[in-house]
Amino acid sequence: MRIIVIGAGIGGLAAALTLTRSGFEVQVFEQASELREVGAGVQISPNASRILNRLGLEEPLRRFGVRPRAIVIRRWDDGRVLARQPLADACERNFGAPYYNFHRAELLDVLSAAVPDGVLHLDHRCVGLTQHADRVEVRFHNGATADADVVVGADGIHSTVREAIVGPESPRFSGHVAYRGLVPAVRLADMGLEVAASVWWGPDHHFVHYYVGADARYHNWVAITPGEWRVESWTAKGEVADALREFEGWHPQIREIISSVDATNRWALYDRDPLPRWTVGRVTLMGDAAHPMLPYMAQGAVQSIEDAAVLAKCLELADTKDVSAALQRYEQTRKPRASRCQEGSRRNAVMYHLADGDDQRKRDADLASAADAPLPQNAWLYGHDVEAEFKQS
């Protein structure tokens, strides 16, 4: 079976690896002329790291990933700890795989280095596709064409493949804008920051920061604020002064972290309902192309890695005549779980940003009463092994 993957982000490269492991002939086409990620962090929880470990990536992941000791949730003004959920060794004991924080560029390098030679094709922007009875033809901006038995759209939130399946979409602006920055850790050495994923919750805003990079050499932060700026792009420039203004009155540590950065990027956060379908015939979607979600569960990249694993397993059980049924099985398997993450992220957008008052106090009391296991309310998420259901097939 010949498979084309459109897009070489984290999900697309994970798909290349899982599909190659399953014995398929895979080609990946990426619109960028070089593989690169603008400096930013990404969290990879155990439900995805176990899949990457099975692909033979355990050693480089440990070399480049930072294992946070805990997720620490703090109050916005005085820094009081509302909850502390242990990770690191406790996470591996409970869920059988690590929780990592990565620099996105380094994770992308780990994945791309594992892809066999000749599989990845850069500077190929998909501009359309045509389905035939026995194949799919893909057209690129440079005049090139390619065909395969299956096409997988891993081309992100502005997916060309998705538009070919479900038509144009109209995402809803969430009312939130994200600023982000990457700081050499040495600049913050005097602050004594713990190797943890720290989250500060406050009225209409929240702030996340954690170490990334080999030897934890960077500190990554993301600041979520209300706003009317509408550009959905990770590379748009922001102003540090604007981010600081949004966090007037917040704990001094937050303002010090923001101030330490040389430059910031910002992007508008759009909300999307679960799609009515991911698959038509021999074409399917994965990752942000299939289930874009707000970043309030740190599951965007993780769910794309789960997609890759399940897609490969479903196609292993098919031949070229059964492609459509196999892709439908993939969608039916994945859609409920990915939709739950989309909906959970939407709920968290409200919970994280409660104004001080009765609802906020109840939320904080519920957090304080949580058990000692790492994020017990998320055991359904971190403890689940999407490949396990196929072991008996």
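Because only heavy atoms are used, hydrogens play no part in the values below, and waters and symmetry mates are left out as well, while side chains stay in.
- Ring geometry for Phe29 against His124 counts as tilted: the plane angle lies between 30° and 60°, on a 0 to 90° scale.
- Follow the hydrophobic side-chain contacts under 4.5 Å out from Trp380 and you reach Phe95 in the same cluster.
- Rounding to the nearest 0.5 angstrom, the gap separating the OG atom in Ser198 from the CD atom in Gln253 is 7.0 Å.
- Pairs passing the ring pair (Phe, Tyr, Trp, His ring centres under 6.0 Å) check and including a residue from residues 45-75, sequence neighbours excluded, do not occur.
- Counting only residues at least two apart or in different chains, ring pair (Phe, Tyr, Trp, His ring centres under 6.0 Å) contacts with residues 321-345 comprise Trp278-Tyr330.
- The shortest side-chain heavy-atom distance between Arg67 and Val195 does not fall under the 4.5 Å cut-off.
- When every heavy atom of Arg346 is checked against every heavy atom of Leu294, the shortest pair comes out as CA-CD1, 4.3 Å.
- Looking at residues two or more places apart in sequence or on another chain, you find a side chain to side chain contact (heavy atoms under 4.5 Å, CB included) between Pro295 and Leu269.
- For His251 and Trp200, the ring centers sit closer than 6.0 Å to each other.
- Connection of Met293 to Val222 is not established within any shared hydrophobic cluster, with ILVMFWY side chains joined at heavy-atom distances below 4.5 Å, either directly or through further cluster members.
- Not one N or O on the side chain of Ser22 forms a donor-acceptor pair closer than 3.5 Å with the backbone of Glu316.
- A donor-acceptor pair is defined here as one N or O able to donate and one able to accept, closer than 3.5 Å; no such pair exists between the side chain of Lys313 and the backbone of Ala388.
- A donor-acceptor contact shorter than 3.5 Å links the side chain of Ser304 to the backbone of Ala301.
- As a member of the Ile/Leu/Val/Met/Phe/Trp/Tyr network built from side-chain separations under 4.5 Å, Val72 groups with Val81.
- Taking CZ of Arg75 as the start and CG of Asp77 as the end, the distance is 4.0 Å to the nearest 0.5 Å.
- Identified under the salt bridge (Lys or Arg N to Asp or Glu O under 4.0 Å) test for residues 297-311, with sequence neighbours left out: Glu306-Arg334, Glu306-Arg337, Asp307-Arg334.
- Between the CZ atom of Arg50 and the OH atom of Tyr382 there is a distance of 12.0 Å, given to the nearest 0.5 Å.
- Here the shortest heavy-atom pairing between Ala243 and Ile258 reads CB-CG2, 4.1 Å.
- The residues Arg2 and Asp147 are annotated as salt-bridged, a charged nitrogen and a carboxylate oxygen being separated by less than 4.0 angstrom.
- Between Arg63 and Glu59, at least one side-chain N (NZ, or NE/NH1/NH2) sits under 4.0 Å from a carboxylate O, which counts as a salt bridge.
- Ring-plane geometry between Trp250 and Phe247 is classed as perpendicular, the angle between the planes exceeding 60 degrees on a 0 to 90 degree scale with a lower cut at 30.
- Hydrophobic clustering (ILVMFWY, side-chain heavy atoms < 4.5 Å, transitive): Leu122 and Val127 are in distinct clusters.
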Determine, step by step, whether Arg363 and Asp359 satisfy the salt bridge (Lys or Arg N to Asp or Glu O under 4.0 Å) criterion, reporting the C-alpha distance in whole Å, the side-chain angles of both residues, the deciding distance to 0.1 Å, and the verdict.
-> CA-CA 6 Å; Arg363 177 201 68 189; Asp359 289 342; over 6 Å; no
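- Every pair passing salt bridge (Lys or Arg N to Asp or Glu O under 4.0 Å) that includes a residue from residues 182-204 is listed here, sequence neighbours excluded: Arg84-Glu194, Arg187-Asp262.
- The cluster map of Ile, Leu, Val, Met, Phe, Trp and Tyr, joined by side-chain heavy atoms under 4.5 Å apart, puts Leu315 and Leu317 in the same cluster.
- Under a 4.0 Å N-O distance rule, the pair Lys362/Asp366 qualifies as a salt bridge.
- Not one N or O on the side chain of Arg266 forms a donor-acceptor pair closer than 3.5 Å with the backbone of Glu239.
- Inspection of the His205 and Glu246 side chains reveals an N or O donor paired with an N or O acceptor under 3.5 Å.
- Residue pairs meeting the salt bridge (Lys or Arg N to Asp or Glu O under 4.0 Å) criterion with at least one member in residues 105-125, sequence neighbours excluded: Glu106-Arg217.
- Between atom CG of residue Leu55 and atom CG of residue Leu61 there is a gap of 9.5 Å, rounded to the nearest 0.5 Å.
- The 12-atom threshold is not exceeded at CG of Asp215, counting heavy atoms of other residues, nucleotides or ligands nearer than 6.0 Å.
- Using a distance-only test at 3.5 Å, with no hydrogens or angles considered, no donor-acceptor pair links the side chain of Arg69 to the main chain of Ala88.
- Aromatic ring centres of His209 and Phe207 lie closer together than 6.0 Å.
- Pro336 and Thr333 make their closest contact through CD-O, 3.8 Å (heavy atoms, listed as atom of the first residue, atom of the second, distance).
- The shortest side-chain heavy-atom distance between Ile4 and Val136 does not fall under the 4.5 Å cut-off.
- With a 4.5 Å cut-off between side-chain heavy atoms of Ile, Leu, Val, Met, Phe, Trp and Tyr, the cluster of Leu354 takes in Val350.
- The closest side-chain donor-acceptor pair between Asp155 and Gln31, if any, does not fall under 3.5 angstrom.
- Considering only heavy atoms from C-beta on, Asn220 stays 4.5 Å or farther from His103 through its side chain.
- Taking 4.5 Å as the limit, every side-chain heavy atom of Pro203 sits out of range of all side-chain heavy atoms of Gln360.
- Residues Leu275 and Leu285 have side chains in contact (heavy-atom distance under 4.5 Å, counting atoms from C-beta outward).
- Looking at residues two or more places apart in sequence or on another chain, you find no ring-ring contact (aromatic ring centres under 6.0 Å, His included) involving Tyr179.
- Between Ala16 and Val26, the closest heavy-atom pair is CA-CG1, 4.1 Å.
- The salt bridge (Lys or Arg N to Asp or Glu O under 4.0 Å) analysis of residues 17-29, with sequence neighbours excluded, yields the pairs Arg21-Glu387.
- Considering only heavy atoms from C-beta on, Arg62 comes within 4.5 Å of Pro98 through its side chain.
- Shown here for Ala197 and Tyr210, the closest heavy-atom pair between the two residues is CA-CB, 4.0 Å.
- Inspection of the Arg54 and Thr18 side chains reveals no N or O donor paired with an N or O acceptor under 3.5 Å.
- The line from CG of Leu111 to CG of Leu52 is 6.0 Å long, rounded to the nearest 0.5 Å.
- For Glu30 (side chain) and Ala8 (main-chain N/O), a donor-acceptor pair under 3.5 Å exists by modelled atom type.
- With hydrogens and angles left out, the side-chain atoms of Tyr296 and His353 include no donor and acceptor closer than 3.5 Å.
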May I have the step-by-step check of salt bridge (Lys or Arg N to Asp or Glu O under 4.0 Å) for Arg282 and Asp134, ending in yes or no?
-> CA-CA 9 Å; Arg282 294 173 174 270; Asp134 60 346; over 6 Å; no
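- From Asp322, atom CG reaches atom SG of Cys314 across 12.5 Å, with rounding to the nearest 0.5 Å.
- Judged by distance alone, with hydrogens and angles left aside, the side-chain atoms of Ser260 form a donor-acceptor pair with the main-chain N or O of Ile257 at under 3.5 Å.
- Using a 4.0 Å cut-off between charged side-chain N and carboxylate O, Arg245 and Asp242 make a salt bridge.
- For Thr279, the side chain to side chain contact (heavy atoms under 4.5 Å, CB included) partners two or more places apart in sequence, or in a different chain, are Thr284, Leu327, Gln328, Glu331.
- A heavy-atom distance below 4.5 Å is not found between the side chains of Ser49 and Glu58.
- The ring-ring contact (aromatic ring centres under 6.0 Å, His included) test applied to Trp201 returns Tyr352, not counting sequence neighbours.
- Looking at Thr264, its side chain does come within 3.5 Å of a backbone N or O of Arg180 through a donor-acceptor pair.
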